[in-house]
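These notes are about the structure you will find just below.
When a ligand or atom number is given, it counts from 1 through the structure's own listing order. The structure displayed is predicted, hence computed values, not measured ones. Residues: numbered from 1 along the sequence shown.
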Amino acid sequence: MAYWNPRIETMPIAELKALQLKNLKALVRRLYDHSPFYRQRMEQKGVTPDDIRSLEDAAKLPFMYKKDLRDYYPDKLFVVPKRDIVRYHASSGTTGKATIVGYTRNDIETWSESLARSLTSIGLGADDVVQVANTYGLFTGGLGFHYAAEKIGAAVVPASTGNTERQIQLIQDLGVTAMAATPSYMMYVGEVAEKMGVSIKNDTKLRVGLLGAEPWSDRMRDRIQEWLGVKGINCYGASELSGPLFSECADQQGIHFWSDLTMLEILHPETHEPVGPGEKGEMVITMLTKEAFPLIRYRIGDISVIHEERCSCGRTHPRISRITGRVDDMLIIRGINVFPSQVEYSLLTNPELGNEFQIVIDRKGALDDMLVRVELKPDAFTDNINQLNALRERVESKLKNLLNVGVEIELVEPGSLPRFEGKAKRVLDRRVY
Ligand code: DLL
């Protein structure tokens, strides 16, 4: 079993917890002294850095929410001078504005180190050829896997998304052994390969899928394994945390969370009090060493379970089970985060449209399809097809520009969509994972 950083990865649990506490104390002190936002939040809760004497004391610290990221857009939560920022990434916020994340040089280094440990734990190394089929750009998937794969000495094929036939050609010609992608794109690659007369299992060296950025199931993992001969490794992360940061090891017993870099709590779904290992709840993440954009007790919204016993691979850091859902209404369409509130925000900028809409998500073949049905206002209702088509195209392109994902719009008659007495149910998610 190879380790990237054996001393840290196999550190005795007590020592690891001591290191985690040391890093937590330093983080709280730094933010109390240098971040007006965190200082104010801590004062509101009546907590000072001196109150943090054990890991349990973290429960005294204030939470941070996605809403805070929006309220302090774009960089008001950064705690380093602008000249120390070397990179920005962004991901969708709950309304029109994206969430911006800034990185110092050390932040990029820590991010790559975290994922390099994960890639090594799967058994990847200098002999591997890693095709990165996650989007390069503001999304963190592409560059995240790129830097980590280079760090472990693998050869990177920076294919990004799309042009699937060429991806398959490259897999064959360059002897690609691992591919980073969303699980649904991995399946799509399998489908296109079959149409081209290529069997991923028999005609290529592809054996590992670094898959994540969207929910998927054990069933889908087994299908990818049996059909394509590709071991589906679950990879987890988020732009606010830096990007893809963690994965399962080759033993596939949960996603290793590096405790020297992060602190993970699981909250009871109703009381929001921390629960123990083995109990399902909402994940709350503290990034212990991030410089530009640190996070204390960030309510990321994902639901999982933590396991603390040492893994069969020898690593002592805790693991989480597959993400089973979210506490909010965030949808993930082709790996891209979409909030129904963003859809509403964009639709309402069109004076011809009414207030009622419905989002229908389907999985046709391997990839997600999103349809938005929206009511016309009575005075915009017409049987002039050209006029309606022009309106539909305008609404579609506005929405696509905001969400970064293709959407089909269906304009419907005023009053034809369901009305709700209680909470509106605007999303019909028909996907089966
Ligand atoms: O999805 C980063 C990433 C890239 C992770 C590539 C893994 C692989 P965001 O776009 O900010 O960042 O979305 C983060 O995606 O809070 C989860 O809800 C969801 N998510 C990420 N990985 C998984 C996974 C990237 N393995 C949000 N299973 C997170 C289920 C996942 N959901």
Side-chain angles (χ1 to χ4, degrees), residues 64-66 69-70 88-94 98-101 103 111-112 114-115 118-119 122 130-149 159-161 178-186 208-221 224 232-248 252 254-257 262 264 280 282-285 287 293 295 298-305 319-339 342 368 403-405 429 431 433:
M64 183 170 186
Y65 299 89
K66 229 179 192 104
L69 274 54
R70 192 177 73 217
Y88 293 106
H89 280 283
S91 99
S92 16
T94 47
T99 294
I100 306 287
V101 182
Y103 303 72
W111 175 15
S112 316
S114 175
L115 198 54
S118 302
L119 298 190
I122 304 159
V130 180
Q131 183 150 318
V132 181
N134 285 123
T135 311
Y136 279 65
L138 288 173
F139 177 61
T140 52
L143 286 167
F145 280 104
H146 184 111
Y147 272 56
S160 197
T161 23
M179 179 155 137
T182 56
S184 51
Y185 190 65
M186 184 78 243
V208 175
L210 304 164
L211 309 179
E214 66 185 10
W216 59 308
S217 61
D218 284 348
R219 215 181 65 182
M220 191 156 164
R221 179 195 62 195
I224 289 172
I233 298 288
N234 198 6
C235 301
Y236 177 79
S239 43
E240 302 92 305
L241 311 180
S242 283
L245 277 173
F246 312 109
S247 80
E248 300 174 301
Q252 291 185 286
I255 297 167
H256 287 271
F257 251 74
T262 57
L264 173 64
K280 193 157 146 175
E282 179 188 341
M283 292 166 67
V284 175
I285 300 177
M287 295 301 292
F293 179 45
L295 291 170
Y298 179 55
R299 302 278 290 264
I300 193 157
D302 293 316
I303 297 172
S304 189
V305 178
R319 285 160 288 139
I320 57 159
S321 300
R322 200 174 278 286
I323 309 290
T324 53
R326 290 194 50 89
V327 296
D328 60 13
D329 55 358
M330 186 175 93
L331 302 162
I332 304 185
I333 316 279
R334 299 193 181 194
I336 295 178
N337 306 346
V338 171
F339 290 92
Q342 286 177 292
D368 302 329
L403 305 178
N404 282 315
V405 64
D429 195 342
R431 290 174 293 187
Y433 298 109

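- Aromatic pair Y103/W111: ring centres closer than 6.0 Å.
- Here the side chain of S304 pairs a donor or acceptor atom with the backbone of S321 at under 3.5 angstrom.
- Cation-pi geometry between R221 and W216 is not met: the NZ or CZ atom fails to fall both under 6.0 Å from the ring centre and inside 45° of the normal.
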List, one per line, each side-chain donor-acceptor pair under 3.5 Å for residues 240-247, sequence neighbours excluded.
residue	atom	partner	partner atom	Å
E240	OE2	K66	NZ	3.1
E240	OE2	Y298	OH	2.6

When the side chains of residues 135-144 are checked against the rest of the protein, which donor-acceptor pairs come out under 3.5 Å, sequence neighbours left out?
residue	atom	partner	partner atom	Å
T135	OG1	T161	OG1	3.1
Y136	OH	H146	ND1	2.8

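- Using a heavy-atom distance under 4.0 Å as the criterion, the protein contacts of ligand 1 are S91, F139, T140, G141, F145, G212, A213, E214, P215, N234, C235, Y236, G237, A238, S239, E240, P244, I300, D302, I323, R326, M330, I332, N337.
- N337 pairs by the side-chain hydrogen bond (donor to acceptor under 3.5 Å, both in side chains) definition with nothing, not counting sequence neighbours.
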